[in-house]
Amino acid sequence: MPRPESFGTRAPLGILVAAGHEGVGASVTAALLAREAQQQGARVLLVGPDLRAQRLAALFGVLLPSPDFPPVTVERDIQVASHFPALIDADVVISTPVAQVRALLDAIDDLAARTRPARALVLAQRGAASTAAAFAVLKLLAGRRPQCRATVAPCGDADVGALQDAAHRWLGCDLAAAPALPLDPTLPAALGAGIPLAEAVADTALTTAAGALWASLSTSVPTGVLS
C-alpha cells in the first residue's frame, strides 16, 4: 500500500499507551494500533522497556534478543525497540511504559522530544481501583505536560464518566473518551498458546474496535501537543 502524503512529510505522530496498573491490556492495545496504522500505510515503531518490548514482539510471533537491541522488524513496516533509537525512521511512534511513576514520566519526556503531535491514551477498566489508577496516570500527565490532552479508552463495560468528571474538576482538563475496547475472555489463552495476535483477533469485535480507536487518535489532532 502506498504511503499517504500525510506520512513522511512531518514529525512522527506519537501515541503514549498507559495504564494505572499491569494487566489492563496496554501491550495488546499498542500492537493493535500499530497494525491499524500499518494498514493505513504508516511505518510504525513500538517502544517499551525490555520485558514489555519482549511481550510486544511476541504478539507478532517474534523472539527478541537481549536488552539494548536496535529496533527489530516484527512485521512489514512495524518495528519493536526497548528504547528510543537516536534516529527514528517511522511515521508513528507508540510508546508503552510499565505502570510505574518514573517509567511513565521518562516515557512522556522521550515521546515529547521525538514526536509532534503526541497523544496520550489511558486505559481504564471497570471498578473503583482501576478508576483511581487511571486518574493517577492522568494527574502525572497533567503535571508533567499540561499541554497534553489525554484520551481515555474504556475496557469492556467500564464507565469513564466518573473519570471525566474528576479530570474536569480536579485537573481542569476536558478528557475525551475513545471507543471502548471489548474484553475477549478467550484472547489471553490464545496468546498464551503462541497464536499471533493478528490470527487471535481476526473476525472479532476487537478488530473493529481497534480501527475505531486508531481513527479517533489519528484524526482531529488537538491544538495542545506534548512540547
Side-chain angles (χ1 to χ4, degrees), residues 15-39 44-67 69 71-82 92 94-100 103-104 107 121-134 137 151-160 163 177-217:
I15 299 175
L16 179 77
V17 180
H21 50 80
E22 298 297 325
V24 174
S27 297
V28 170
T29 300
L32 288 171
L33 288 174
R35 294 189 70 248
E36 291 296 327
Q38 173 211 49
Q39 291 170 15
V44 186
L45 174 65
L46 283 164
V47 181
D50 185 46
L51 291 179
R52 177 61 59 83
Q54 299 279 355
R55 194 177 309 155
L56 287 166
L59 292 173
F60 295 91
V62 175
L63 180 63
L64 293 182
S66 57
F69 53 86
V72 174
T73 299
V74 295
E75 194 170 292
R76 179 183 56 83
D77 290 332
I78 298 179
Q79 292 187 319
V80 171
S82 63
V92 178
I94 301 175
S95 175
T96 55
V98 296
Q100 298 173 357
L104 178 61
L121 177 69
V122 180
L123 304 179
Q125 285 188 319
R126 183 178 182 181
S130 181
T131 299
V137 171
T151 298
V152 61
C155 301
D157 60 351
D159 181 6
V160 297
L163 196 56
L181 294 171
L183 296 177
D184 184 349
T186 68
L187 184 60
L191 297 176
I195 298 175
L197 179 65
E199 183 179 344
V201 302
D203 301 321
T204 68
L206 261 176
T207 302
T208 302
L213 182 58
W214 165 251
S216 71
L217 293 170

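Hydrogens, waters and symmetry mates are skipped; everything else that's a heavy atom, side chains included, is used. Residue numbers start at 1 and run along the sequence shown.
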The test is side-chain contact (heavy atoms from CB on, under 4.5 Å); show your working for V17 and L123 and say whether it passes.
CA-CA 8 Å; V17 180; L123 304 179; 4.2 Å; yes

Could you walk me through whether L121 and L33 pass the side-chain contact (heavy atoms from CB on, under 4.5 Å) check?
CA-CA 11 Å; L121 177 69; L33 288 174; 4.1 Å; yes

Are [X] and [Y] packed together at the side-chain level, in the sense that at least one heavy-atom pair is separated by less than 4.5 angstrom?
{"X": "F60", "Y": "I78", "value": "yes"}
{"X": "L59", "Y": "P196", "value": "no"}
{"X": "E22", "Y": "V98", "value": "yes"}
{"X": "I94", "Y": "L45", "value": "no"}
{"X": "V28", "Y": "L191", "value": "yes"}

Give a yes or no on whether the backbone of [Y] and the side-chain of [X] come within a donor-acceptor separation of less than 3.5 Å.
{"X": "S130", "Y": "Q125", "result": "yes"}
{"X": "R52", "Y": "P97", "result": "yes"}
{"X": "Q38", "Y": "R76", "result": "yes"}
{"X": "T207", "Y": "V201", "result": "yes"}

Worked check of salt bridge (charged side-chain N to carboxylate O under 4.0 Å, His left out) between D159 and R126:
CA-CA 7 Å; D159 181 6; R126 183 178 182 181; over 6 Å; no

Show the numbers, then the answer: is there a side-chain contact (heavy atoms from CB on, under 4.5 Å) between T29 and L213?
CA-CA 9 Å; T29 300; L213 182 58; 3.9 Å; yes

Just one of L163, V160, T151, V137 clears the side chain to side chain contact (heavy atoms under 4.5 Å, CB included) bar with V122, so which one?
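Filter result, single survivor: V137.
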
When rounded to the nearest 0.5 Å, the distance separating CG of L51 from OG of S27 is 10.0 Å

